[in-house]
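Since we're looking at a predicted model, the values are computed, not measured.
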Amino acid sequence: MTGPPGAAAPGPSAAPPATGPAQRAVPPRRALLAGAAGNFVEWYEFGVYGCFATVIAERFFTPAAAGADPAAPLLAAYASFAVAFFFRPAGALLFGRLADRAGRRRALVFVIALMTLATTLIGLLPDRATAGAAAPWLLVLLRAVQGLCAGGEFGGAVALMTEHAPPGRRGRYGAWQSFTVALGLLAGAAAAALTASLLSPAALSGWGWRIPFLLALPLGLTALALRTALPGPPTRTPAPEPAPAPEPAPGIGTVRAVVLGVGRIMGWSAAGYTFLVVLPSYLQSTLGASFREALIATTLANLGFAASILPAGRLSDRVGRRPVMLAGALAVALCALPLLHLLRDPDAAAPAKAAALLAAGATVGLLAGPGPAMLAEMFPSSVRCTGLGLAYALANAVFSGCAGLIITALTAATGDPDVPAYYAGGLCALSALALAGLRGDDHRGALR
């Protein structure tokens, strides 16, 4: 790998580079739609799981015995949540190398098919009352499969979208990856809220929670059809065309770029999961909010997140990735604690709380909008899927997958309701230091 991590080759943005074996040209909008569709399905499921964490804790994990810690079942549910994230790096390596060597389409088709199957099976899984001690282990197994798929999803999808983006629009096209995260989380929260509003608490806990998981089947089949229709590598490379010079093998430069990438997005990972996924259970277990109130709050935060992502990506194409992402990281670091204080204030007006939740989501969007393009610009095409996928997977495994577990455990141990603010704000402050090292012109050069 040549040049410092994050440095792109000089010159105007050119045609998309070859990715692994020779690729047929993919129209930018088709690449965008195929990449985003699978991402939507993945994050729909994660949103559903976050909303139903308390129900899953009740159905699959042994309730705390008399005198034991009442937070134990929820901690167990979040532990199974974290398991999926710790399988992501393995998925990024496995499917990333497949995408870098055999083409983006093949890897992305396999990933979405396996993810859809695992999510559907969670909706059919017998609970503890039916399967006994096997139930939580089966759930953890399916979460591990989902983690492998999710690890391969990000690198392939972002590479597909950014490599086929028109000149000067990588930030905008890459932002669609994050935008479909927001859409997926919103759809998951909406499905959970609709199910909760139509069913009694007993029916919701007994069988109704399965419905949103089963909806992943038609959604996943739609995404699979879009990806299958993408052109793959040609069966033969025309003889007169000379073979391109081989790119350098991944080495210490790639490892260094992965580590730096983790530092640049760890604040995005921590803040995103704190405000967008962990919030429902936190509001219920710590502030005594009802299930419906918690879902409304989460929906507002996700609306703010969704609204800011695409504008942030477009802005980063004009002014650069660094100023936009730095603004988001510093905003979270400064505002996380006042936000929680406002939510806990019984005298605060409902519109003020709603505005604060929208703003919290919007600050995360400033990180998520330019983030995919920023990562794509850090790696050459020969290792792009693997490198950016691994950086994202590691950051999510450590700082997202463990967010619910860490926040719940520390809040229960210390009794301090400000733990989520310390977690998200502190990691965003550290991430701002790494983001300060971004070059100001990376967004103008061609992908390597």
Side-chain angles (χ1 to χ4, degrees), residues 15-43 87-120 144-165 173-174 176-177 180 216-217 219-238 241 243-244 246-247 249-250 254 372 375-376 379-393 447-448:
T19 56
Q23 296 277 105
R24 294 188 181 97
V26 180
R29 290 179 183 267
R30 285 185 63 186
L32 182 65
L33 184 59
N39 208 54
F40 171 85
V41 176
E42 174 196 340
W43 289 95
F87 274 87
R88 283 187 172 207
L93 285 172
L94 176 65
F95 295 114
R97 293 311 292 161
L98 175 63
D100 285 328
R101 293 175 178 176
R104 313 313 193 206
R105 172 183 174 272
R106 184 174 299 175
L108 288 173
V109 166
F110 188 79
V111 161
I112 191 59
L114 192 56
M115 170 67 81
T116 301
L117 176 63
T119 303
T120 304
V145 172
Q146 288 179 319
L148 285 172
C149 296
E153 169 69 30
F154 182 86
V158 170
L160 180 70
M161 290 187 283
T162 56
E163 288 170 351
H164 295 280
Y173 270 57
W176 275 91
Q177 189 280 336
T180 50
L217 180 58
L219 294 174
L221 291 176
T222 301
L224 182 62
L226 289 170
R227 288 185 172 180
T228 304
L230 285 174
T235 54
R236 297 179 58 185
T237 302
E241 184 178 324
E247 296 189 59
T254 301
L375 286 174
F379 300 93
S381 63
S382 61
V383 294
R384 183 167 295 127
C385 288
T386 306
L388 73 89
L390 188 57
Y392 184 79
L447 287 175
R448 290 174 289 158

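Applying the side chain to side chain donor-acceptor pair (under 3.5 Å) test to Thr386 and every residue at least two apart in sequence or in another chain returns Asp100. Under the side chain to side chain donor-acceptor pair (under 3.5 Å) criterion, Glu42 pairs with Arg88, sequence neighbours left out.
Rounded to the nearest 0.5 Å, atoms CZ (Arg101) and CG (Leu98) are 9.5 Å apart. Atom CG of residue Leu226 and atom CG of residue Leu221 lie 11.5 Å apart, to the nearest 0.5 angstrom. Interatomic distance, CH2 of Trp43 versus OG1 of Thr180, reported as 10.0 Å (0.5 Å rounding). Here the straight-line distance linking atom CG of Leu224 with atom CG of Leu117 works out to 11.5 Å at 0.5 Å rounding. Between atom OH of residue Tyr173 and atom OG1 of residue Thr162 there is a gap of 12.0 Å, rounded to the nearest 0.5 Å. Of the inter-residue distances, the one linking Gln146 atom CD with Glu153 atom CD reads 12.5 Å to the nearest 0.5 angstrom.
Taking the six-membered ring where tryptophan is involved, the planes of Phe110 and Phe95 are tilted, since the angle between them lies from 30° to 60°.
The nearest pair of heavy atoms linking Arg227 to Ala157 is NH2-CB, 4.3 Å. Nearest heavy atoms, Ala216 versus Thr116: O-CG2, 3.7 Å. Considering every non-hydrogen atom in both Leu160 and Gly35, the closest pair reads CD2-N, 3.9 Å. Here the closest non-hydrogen pair linking Ala159 and Cys385 is CB-SG, 3.5 Å. Among all heavy-atom pairs drawn from Trp176 and Ala36, the shortest one is O-CB, 4.4 Å. Taking every heavy atom of both residues into account, Ala223 and Ile112 meet most closely at CB-CG1, 3.9 Å.
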What's the verdict on side chain to side chain contact (heavy atoms under 4.5 Å, CB included) for Gln177 and Met161, showing C-alpha distance, side-chain angles and the deciding distance? CA-CA 8 Å; Gln177 189 280 336; Met161 290 187 283; 3.4 Å; yes

Between Leu375 and Val158, does a side chain to side chain contact (heavy atoms under 4.5 Å, CB included) hold up when you go through it step by step? CA-CA 9 Å; Leu375 286 174; Val158 170; 5.8 Å; no

One pair to check against side chain to side chain donor-acceptor pair (under 3.5 Å): Ser381 and Glu163. What are the steps and the verdict? CA-CA 9 Å; Ser381 63; Glu163 288 170 351; 5.8 Å; no

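In this structure, Arg97 contributes its side chain and Ala92 its backbone to no donor-acceptor pair below 3.5 Å.
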